[in-house]
2 protein chains.
Amino acid sequence: MPGAQAMTPAGRRILAAAEELFYHRGITAVGVDLIAEHSGVTKRTLYNQFGAKDHLVAAYLAERDQRWRSLVRATVDACDDPVEAVTAPFDALSIWSGDNTRGCAFINALAELPDPSHPAHRIAADQKHWLRNLFEELATAAGRAEPATLAVRLLVLHEGALATRPLTLDTLSASTDLARDLVRARLPVGGTDRPR
Amino acid sequence: MPGAQAMTPAGRRILAAAEELFYHRGITAVGVDLIAEHSGVTKRTLYNQFGAKDHLVAAYLAERDQRWRSLVRATVDACDDPVEAVTAPFDALSIWSGDNTRGCAFINALAELPDPSHPAHRIAADQKHWLRNLFEELATAAGRAEPATLAVRLLVLHEGALATRPLTLDTLSASTDLARDLVRARLPVGGTDRPR
DNA sequence: TCGCACGTACACTGATCGGTGAACCACCAG
DNA sequence: CTGGTGGTTCACCGATCAGTGTACGTGCGA
């Protein structure tokens, strides 16, 4: 995992073209020749840099994951109020969804790569766990009751909105509204809530 | 669209093999030769029945959609209490998820077939709209306030749980619990006396 | 008995797939 | 001057892709 920064200029162009093509046209449907052509590079160079298509796929997902996490982190950090911060990832999602109309790149990748040993599976699972843990940290910091339960609920809302992005349904605002309602949880949480 | 019932024996076997293979291995990754082999049929017969791979893909999705709707309908109809009926699709999802560990076949199909003119897009959109409308009908019948808003929220929860099925997160019970809380119009984390 | 629909067997097409080999060039540091 | 790194050019590999053509067999209804 070269890290994209420690990468040769041609390598970066290849990765950029791969991101664009893989996300918008699907991984299996896009051949290495097409990526090489779109990045103005020879197929030979592509293989000198990445070795195999699967490695390029992994690099694409890792890079995308990193970019998304940066956006989420920045959006969260921009919040003064710790309660607002809990739903900040939904604001990030609103921005992110603008350009990314084809849903979740990781869910989509798993759909095309059923082999569980493919690196894509680990990257995808890591990302979702990271988000769930972030929700839990934020909920704890905001003094919410049962932060673990709340975190999974927020995660489901987040993924539901993201996954249905390609459909003609306004799920984003619905999930964001509900998320805020959940976090504000006007009702005093009774002491009889089952532990978790 | 032959309707699966008005189909030749060989045609049904082909469709059954296609469902199995397309769902578990991905559409683009599965070739017609493999489907023919798995259904004990010549590739010639496959093309005599379906004409093109895309038509077979459409038939696969349509058939799957129909099977899923039947399950949901049956689960809803088995409910005496109209309030319980609103969240019955989540009980159906629990059953459905047992065999279908690779998430939503329609979200997955859209990931592989970016062309919006592909019949898969219409089928997928129709399915999600159907579910949203069903939620709205059920919410109205149960006398819930703002049934349209509630319906979209339930849809997001449903899709979130389904889409994240391949990941190692227990999103199904979380979304079902939250759905019930929403329908009972008790606010979020409350629920002290809920039977389960 | 005729014809037709369903299905098999098998060879074949052109295109595309992921991936490789080898020669060559430009640059920069030792 | 020399060697290594990054890159190009181009030809090539075997495999697989979706899809077709043709001839043949079988059962059934008119």
Side-chain angles (χ1 to χ4, degrees), chain A residues 1-22 24-61 109 111-115 117-120, chain B residues 1-22 24-61 109 111-115 117-120:
Chain A
M1 40 203 109
Q5 231 60 343
M7 203 177 264
T8 206
R12 275 191 292 270
R13 287 212 317 271
I14 294 169
L15 189 53
E19 281 198 56
E20 175 78 14
L21 290 169
F22 280 155
H24 286 103
R25 305 197 198 179
I27 294 172
T28 317
V30 168
V32 287
D33 300 82
L34 186 63
I35 296 174
E37 184 190 334
H38 270 241
S39 46
V41 147
T42 324
K43 191 160 64 159
R44 203 71 196 87
T45 302
L46 190 153
Y47 274 93
N48 285 341
Q49 294 291 328
F50 294 94
K53 186 186 180 182
D54 274 350
H55 299 164
L56 180 55
V57 170
Y60 146 64
L61 291 173
E112 298 196 58
L113 311 167
D115 178 12
S117 67
H118 194 288
Chain B
M1 40 204 107
Q5 231 60 342
M7 205 177 264
T8 206
R12 277 190 291 270
R13 287 213 317 275
I14 293 169
L15 190 53
E19 281 198 55
E20 175 78 13
L21 291 169
F22 280 154
H24 286 102
R25 304 196 197 179
I27 294 173
T28 317
V30 168
V32 288
D33 300 81
L34 186 65
I35 296 174
E37 185 191 332
H38 270 242
S39 47
V41 146
T42 324
K43 191 161 62 161
R44 203 73 195 83
T45 302
L46 189 154
Y47 274 93
N48 285 342
Q49 294 290 329
F50 294 94
K53 187 186 179 182
D54 273 351
H55 300 164
L56 180 56
V57 170
Y60 146 64
L61 291 173
E112 298 197 59
L113 311 167
D115 177 12
S117 67
H118 195 288

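Residue numbers begin at 1 in each chain, while the letters A, B, ... track the order of the sequences.
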Carefully, step by step, assess L56(A) and F22(A) under the rule side-chain contact (heavy atoms from CB on, under 4.5 Å).
CA-CA 10 Å; L56(A) 180 55; F22(A) 280 155; 4.2 Å; yes

Heavy atoms of V30(B) and K53(B) approach each other most closely as O-NZ, 2.9 Å

If you look only at distance, which donor and acceptor atoms sit under 3.5 Å apart when one is on a side chain in residues 41-48 of chain B and the other is two or more places apart or in another chain?
| residue | atom | partner | partner atom | Å |
| --- | --- | --- | --- | --- |
| K43(B) | NZ | D33(B) | OD2 | 3.2 |
| N48(B) | ND2 | R44(B) | O | 3.4 |

Annotated structure of DNA chain D as dot-bracket, pair cut-off 3.5 Å, Watson-Crick or G-U only, | for inter-strand, is ||||||||||||||||||||||||||||||

Residues P114(A) and H24(B): closest non-hydrogen pair is CB-O, 3.3 Å

Across all chains, not counting sequence neighbours, the side-chain contact (heavy atoms from CB on, under 4.5 Å) partners of H38(A) are A17(A), L21(A), R25(A), L34(A)

Rounded to the nearest 0.5 Å, the CD1 atom of I27(B) sits from the CG atom of L61(B) at a distance of 5.5 Å

Atom CG of L113(A) and atom P of dG18(C) are separated, to the nearest Å, by 12 Å

Y47(A) atom OH is separated from dT8(D) atom P, nearest whole Å, by 16 Å

Ranking G51(A) and G11(B) by the position along DNA chain C of their nearest nucleotide, the one closer to 5' is G11(B)

Rounded to whole Å, the CZ-P distance (R25(B) to dC17(D)) equals 11 Å

In whole angstroms, the gap separating P of dG7(C) from CG of L46(B) amounts to 11 Å

What one should report as the nearest heavy-atom pair of F50(A) and A59(A) is CE2-CB, 4.0 Å

Between protein and nucleic acid, restricted to nucleotides 8-15 of chain C and to nitrogen or oxygen atoms under 3.5 Å apart, what atom pairs and distances do you find?
| residue | atom | partner | partner atom | Å |
| --- | --- | --- | --- | --- |
| dT8(C) | OP2 | T45(B) | OG1 | 2.7 |

D33(A) atom CG is separated from dT20(C) atom P, nearest whole Å, by 13 Å

Rounded to whole Å, CD1 of I35(B) lies from C1' of dA18(D) at a distance of 11 Å

Contact under 4.0 Å: T8(B) side-chain N or O vs dG7(C) OP1/OP2
yes

Between CD of Q49(A) and C1' of dT5(D) the distance, given in whole Å, is 10 Å

Sequence neighbours excluded, the answer for side chain to side chain donor-acceptor pair (under 3.5 Å) partners of T28(B) is E112(B)

Of all heavy-atom pairs linking H118(B) and V57(B), the shortest is CE1-CG1, 4.0 Å

Separation of dT16(C) atom P from E37(A) atom CD, nearest Å, is 12 Å

